[in-house]
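Just below is one structure, and these are the notes that go with it.
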Amino acid sequence: MKILVINGPNLNMLGVREPDLYGSETFAALCRRIAEYGERYGVETEQYQSNHEGDLVDKIQAAFGNTDGIVINPGAYTHTSIALLDALKAVGIPAVEVHISKVEEREDFRQVSYVRAACIKTITGHGLDGYFEAMDFLREVLQ
Ligand code: CA2
């Protein structure tokens, strides 16, 4: 089983600023934990972060035919990107949307998620644990 974890814009800044919203753990530490999760559960993991919408679309398309599940935190593109929605729909790979913060309790402009329509589950407000809950969920669904 292969799971691709995708992080969108600014998530590479984790642990550098805004610890109240996003915690104090660094992005590098998150990546390490995801790799360790894969080793522990015998899941092949691939990770990708980009600040560029088209690159994220390219990565989703490249997963077609070689990836069983996607965990995606599209960052601010969550609230703007029909292109990411279309890409997820196009590949048809089971995807889980993750947000570190509780987006539903934040600004009005964060209340829309375009990608949600292409995801089988959404996890918000569980901090970095949300990524691992998403992978647990995908393992259950895919097994
Ligand atoms: O809660 C989430 O995970 C978000 O996807 C994070 C995005 C935000 O635009 C979404 O509405 C919700 C922002 C990611 C920015 O990450 C930073 C991390 C540390 C310091 C500054 C930004």
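Note that these values count all heavy atoms, side chains included, but never hydrogens, waters or copies made by symmetry. We count ligands from 1, going down the list as the structure has it; atoms in each ligand are counted the same way. The model shown is predicted, which means the values in this text are computed figures rather than measured ones.
Looking only at side-chain heavy atoms (C-beta outward), V43 and K2 stay at 4.5 Å or farther from each other.
When heavy-atom distances to ligand 1 are checked against a 4.0 Å cut-off, R110 comes that close only through its side chain, counted from C-beta outward.
No cation-pi contact links R33 to Y131, judged by a cut-off of 6.0 Å to the six-membered ring centre and 45° from its axis.
Less than 4.0 angstrom separates some heavy atom of M13 from each of these atoms of ligand 1: 18 (C), 19 (C), 20 (C). Of all the atoms in ligand 1, the ones that sit under 4.0 Å from a non-hydrogen atom of V103 are 11 (O), 12 (C). Close approach of ligand 1 to A76 (heavy-atom distance below 4.0 Å) involves ligand atoms 9 (O). Atoms of ligand 1 found under 4.0 Å from any heavy atom of E18 (numbered from 1 in listed order, with element): 21 (C), 22 (C). Atoms of ligand 1 found under 4.0 Å from any heavy atom of H79 (numbered from 1 in listed order, with element): 10 (C), 11 (O).
Atom OH in Y48 sits 10.0 Å away from atom CD1 in I60 (nearest 0.5 Å). Atom CE of M135 and atom CG of L138 lie 9.0 Å apart (nearest 0.5 Å).
In this structure, a donor-acceptor pair under 3.5 Å is present between the side chains of N51 and Q49. No side-chain donor-acceptor contact under 3.5 Å links T78 and E97.
For a threshold of 3.5 Å applied to N or O pairs, the pair formed by I100 and ligand 1 contains at least one separation below that value. The shortest N or O to N or O distance between T78 and ligand 1 is not under 3.5 Å. Checked by distance only, ligand 1 and N73 come closer than 3.5 Å through their nitrogen or oxygen atoms.
Using a 4.0 Å cut-off between charged nitrogen and carboxylate oxygen, E46 and K59 count as a salt-bridge pair. Classification of D136 and R139 as a salt-bridged pair holds, one side-chain N sitting under 4.0 Å from a carboxylate O.
Scanning the protein for heavy atoms near atom 13 (C) of ligand 1, the closest one is Y22 OH, 3.4 Å. Regarding atom 1 (O) of ligand 1, its nearest protein heavy-atom neighbour is S101 OG, 2.5 Å. Protein heavy atom nearest atom 4 (C) of ligand 1, with residue, atom name and distance: H99 ND1, 3.7 Å. When only non-hydrogen protein atoms are considered, atom 16 (O) of ligand 1 lies nearest to N10 O, 3.4 Å. Ranking protein heavy atoms by distance to atom 20 (C) of ligand 1, first place goes to R17 O, 3.2 Å.
Just one residue in the list L142, I93, V141 forms a side-chain contact (heavy atoms from CB on, under 4.5 Å) with D68, and that residue is L142.
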